[in-house]
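Worksheet: one structure, shown below.
The structure displayed is predicted, hence computed values, not measured ones. Side chains are part of it too, since the values below use all heavy atoms of this structure and drop only hydrogens, waters and symmetry mates.
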Amino acid sequence: MPLTLTLEQFNDGRRYVRTSAVGAVSAEDARAVSVRISVGGDLAGMPLLNVMAPGVELAPEARKIFAGISSASDQEKSMMAVVASSAPLRVMLSFVIRLAGMASRTKFFSSEPEAVSWLQTASP
């Protein structure tokens with residue numbers, strides 16, 4: 001599966017959502033994640049860690065779904081860390097994140113341990 005979602009735990013016991021993307025992410029993949037983190041979903045409002053493998057491609061429909069998550073969810077209250085090593089992918093994700101209204105609560109990282117550490121510190 002190109003996009004997986006798991007519930008993880010910080011060292012202090014608080015929980016966060018970790019997504020992992022590889023290959024081509026479709027609108028159906030994006031929708032499955034969106035349902036879980038949007039209002040009414042079991043993971044709404046939780047801190048997010050998004051790990052993007054090199055070469056990930058988000059379908060235009062998937063980008064649109066991700067761009068609309070904040071306006072339709074509790075995510076406006078949560079922090080998000082993104083791990084992406086590809087410069088073009090970071091540029092595209094920055095655009096999607098700005099559209100989602102989450103730019104002020106999002107930070108990019110080159111390694112997952114750094115991202116988890118920041119997310120734990122930045123999340124209430």
Quick one: are [X] and [Y] in side-chain contact, heavy atoms under 4.5 Å?
X: K64; Y: V96; answer: no
X: R36; Y: L5; answer: yes
X: S110; Y: S85; answer: no
X: E8; Y: R15; answer: no
X: I97; Y: V82; answer: yes
X: M80; Y: K107; answer: no
X: E112; Y: L49; answer: yes
X: L58; Y: L93; answer: yes

Would you name the heavy atoms of [X] and [Y] that are closest together and state the gap between them?
X: F66; Y: A100; answer: O-CB, 3.8 Å
X: V25; Y: A30; answer: CG1-N, 4.5 Å
X: V56; Y: L89; answer: O-CD1, 4.0 Å
X: M79; Y: L119; answer: O-CD1, 3.6 Å
X: R90; Y: A84; answer: NE-O, 2.5 Å
X: V83; Y: A115; answer: CG2-CB, 3.6 Å

Please tell me whether [X] and [Y] are part of a single hydrophobic cluster in this structure, the criterion being side-chain heavy atoms less than 4.5 Å apart.
X: W118; Y: V51; result: yes
X: I37; Y: M52; result: yes
X: F108; Y: V17; result: yes
X: V35; Y: L7; result: no

For the side chain of [X] and the backbone of [Y], is there at least one donor-acceptor N/O pair under 3.5 Å apart?
X: T106; Y: M102; result: yes
X: S117; Y: P113; result: no
X: S38; Y: G41; result: no
X: R14; Y: Q120; result: yes
X: R31; Y: A62; result: no

Measure the OG-CG distance between S78 and L48 for me, rounded to the nearest 0.5 Å.
4.5 Å
Value for CG (L43) from OH (Y16), rounded to nearest 0.5 Å, stands at 13.0 Å
Look at atom CG of D42 and say whether more than 12 heavy atoms of other residues, nucleotides or ligands are closer to it than 6.0 Å.
yes
Quick one: side-chain hydrogen bond (donor to acceptor under 3.5 Å, both in side chains) pairs with a partner in residues 49-59, sequence neighbours left out?
T19-N50
Using a distance-only test with no angle check, is there a side-chain donor-acceptor pair under 3.5 angstrom linking S111 and E114?
yes
